There are 2 protein chains.
Amino acid sequence: MADTIHFSPASLKVSCSNCSLRELCLPLGLNPDEMAQLDAVIRQSRKLKRGDHLFRSGESFKSLFAVRTGFFKTTVASQDGREQVTGFHMSGELMGLDGISANLHGCDAIALEDSEVCELPFTRMEELSRDIPSLQRHFYRLMSREIVRDQNVMLLLGNMKAEERIAAFLLNLSQRLASRGFAANDFILRMSREEIGSFLGLKLETVSRTLSKLQQQGWIKVDHKHIQLVQPGELKALVTGCANANTNPM
Amino acid sequence: MADTIHFSPASLKVSCSNCSLRELCLPLGLNPDEMAQLDAVIRQSRKLKRGDHLFRSGESFKSLFAVRTGFFKTTVASQDGREQVTGFHMSGELMGLDGISANLHGCDAIALEDSEVCELPFTRMEELSRDIPSLQRHFYRLMSREIVRDQNVMLLLGNMKAEERIAAFLLNLSQRLASRGFAANDFILRMSREEIGSFLGLKLETVSRTLSKLQQQGWIKVDHKHIQLVQPGELKALVTGCANANTNPM
DNA sequence: GATCGCGCTTGACGTGGGTCAAGGCGGCAA
DNA sequence: TTGCCGCCTTGACCCACGTCAAGCGCGATC
């Protein structure tokens with residue numbers, strides 16, 4: 001109930017029968033026939049409650065999942081139990097691409113709020129992408145985009161200080177929310193300080209301290225999970241030009 | 001001339017006319033006709049000298065490149081000049097996948113020794129992959145593998161200490177060399193301490209110190225770029241179970 | 001409304017690795 | 001041979017972040 005702002009953007013009209021997928025992550029120039037084929041493959045959406053696993057590392061890989069509504073994290077774990085958040089995923093974003101290589105999911109996907117996903121059975125998508133060139137091209141693009149995203153995270157983890165990481169993180173969230181029709185400078189964090197820290201390679205205390213520091217400087221306002229970017233320009237100056245955080249997905 | 005050991009593995013017979021590609025990164029069950037189609041698309045290999053750029057970030061993306069012989073690094077740079085090595089690439093490995101998303105190369109690829117690459121014009125590969133299902137599948141797998149690799153690097157950068165990073169790095173090199181028929185525990189580094197540091201999120205002094213420390217402990221021997229893994233088991237213990245460094249590509 | 005507990009904040013302190021600086025070593029040129 | 005230069009090593013010092021610990025605030029529960 002803490003989550004008063006929901007990710008069901010009024011600006012995104014979900015016109016097709018079962019899924020916002022086509023608008024969100026597959027904006028292709030498909031003809032009606034191709035659309036119908038695609039619709040036939042995409043399974044009805046599946047609902048998850050906060051905390052539910054969508055899939056787990058090591059499970060056999062059958063499908064990709066597109067977030068329809070809600071918010072997810074993906075995590076990888078090492079044998080000795082260390083865990084790292086590898087990404088946060090909001091509506092329209094795809095999860096599970098890492099499972100293709102070994103036919104096994106390589107990470108856990110966990111809902112951070114009540115969520116809904118579309119299931120894309122991979123084998124059928126693969127077949128379909130043979131018949132629909134623009135779909136094939138789109139998949140290559142999506143996977144490549146994920147690689148670019150990961151490279152930017154590597155740059156962040158390898159080169160940036162705590163303050164810069166937090167700033168880049170906030171700006172990235174802001175930009176992705178804005179592109180979905182939400183306020184860019186006033187939002188609710190879906191994840192805990194610990195999860196932010198895990199993603200950014202920091203401890204939760206450092207996340208907390210750094211948010212406080214940014215607030216003291218007047219760049220942002222922090223009220224628990226409610227964040228306001230008061231001077232986004234200053235944040236951008238912090239990370240310029242690291243990983244051009246405002247344009248690249250993260 | 002410092003590079004006395006060369007990466008032209010005797011164990012990999014380059015039987016096809018122009019490229020070791022099929023053996024190395026496209027080990028598919030293709031019939032002779034499909035093989036011929038593939039051969040027609042793969043351009044003659046291109047030679048580069050140590051220090052040459054294969055492509056640069058921002059250049060328009062036309063082709064993927066497979067390392068035939070030699071050794072490369074890829075780097076991403078931020079606007080303010082910070083640079084990070086995102087990977088090292090040896091024979092059989094593919095570079096340029098990140099360029100697909102925006103039709104622009106997203107990183108620089110630089111030869112660390114005299115090298116030879118095969119060029120794979122992407123548009124033609126894309127078309128071909130529509131006609132040859134196993135080729136399409138293989139491309140999806142390759143891209144997914146790159147995503148898994150990047151996630152493991154994220155885990156390394158986010159969670160591991162200097163000693164663990166170096167150990168993971170050495171073990172990863174060792175494993176990749178071994179799979180190409182080279183000695184697993186005795187090899188020459190192609191890259192400088194600074195490049196290793198950039199990849200691992202460390203400064204060159206820390207790389208140097210850490211190598212010395214591992215040597216003092218008797219796990220490895222270091223003679224400039226000549227590395228011997230004396231007790232690889234101890235190194236594995238260091239990184240267990242982070243990112244199961246011995247099995248995953250990095 | 002009282003209690004509990006989780007997630008967050010903040011302080012004090014410790015330390016791993018960054019920074020700065022001084023050589024060492026081997027390769028290369030003349 | 002000599003000297004230069006790039007890369008590496010090593011030491012001394014410092015600081016950003018991690019660690020440990022105390023306490024707060026809000027929501028959930030009854």
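Since the structure is predicted, the reported quantities are computational estimates derived from the model, not experimental observations. All heavy atoms count here, side chains included; hydrogens, waters and symmetry mates do not. A note on names: the letters A, B, ... follow the listed sequences, proteins ahead of strands, and every chain is numbered from 1.
Note: CG (A:Leu214) to P (C:dT10) measures 13 Å, nearest angstrom. Taking atom NZ on B:Lys213 and atom C1' on C:dT15, their separation rounds to 12 Å, with Å as the unit.
Of the candidates D:dT10, D:dC17, C:dT9, the closest approach to any side-chain atom of A:Leu204 belongs to C:dT9. Nearest to the side chain of B:Glu205, among C:dG18, D:dC17, C:dA21, sits C:dA21.
The phosphate of D:dT9 has neither OP1 nor OP2 within less than 4.0 Å of any side-chain N or O from B:Arg209. Between A:Lys203 and D:dT19, a side-chain N or O to OP1/OP2 separation shorter than 4.0 Å is present. Regarding contacts with the backbone of D:dG6, every side-chain N or O of B:Ser192 stays at 4.0 angstrom or more from both OP1 and OP2. An OP1 or OP2 oxygen of C:dC8 is reached within less than 4.0 angstrom by no side-chain nitrogen or oxygen of A:Ser208. When the side-chain nitrogen and oxygen atoms of A:Lys225 are compared with OP1 and OP2 of D:dC26, none of them lie within a distance under 4.0 Å.
With ring centers used as reference points, A:Phe88 lies under 6.0 Å from A:Phe199.
Contacts of B:Leu202 with the nucleic acid, taken as non-hydrogen atoms under 4.0 Å apart, involve only primed sugar atoms and P, OP1 or OP2. Counting any heavy atom pair closer than 4.0 Å across all strands shown, B:Gly201 reaches sugar-phosphate atoms only and no base atom.
Side chains of A:Thr86 and A:Thr74: a donor on one and an acceptor on the other come within 3.5 Å.
Atom CZ in B:Arg176 sits 4.0 Å away from atom CD in B:Glu93 (nearest 0.5 Å).
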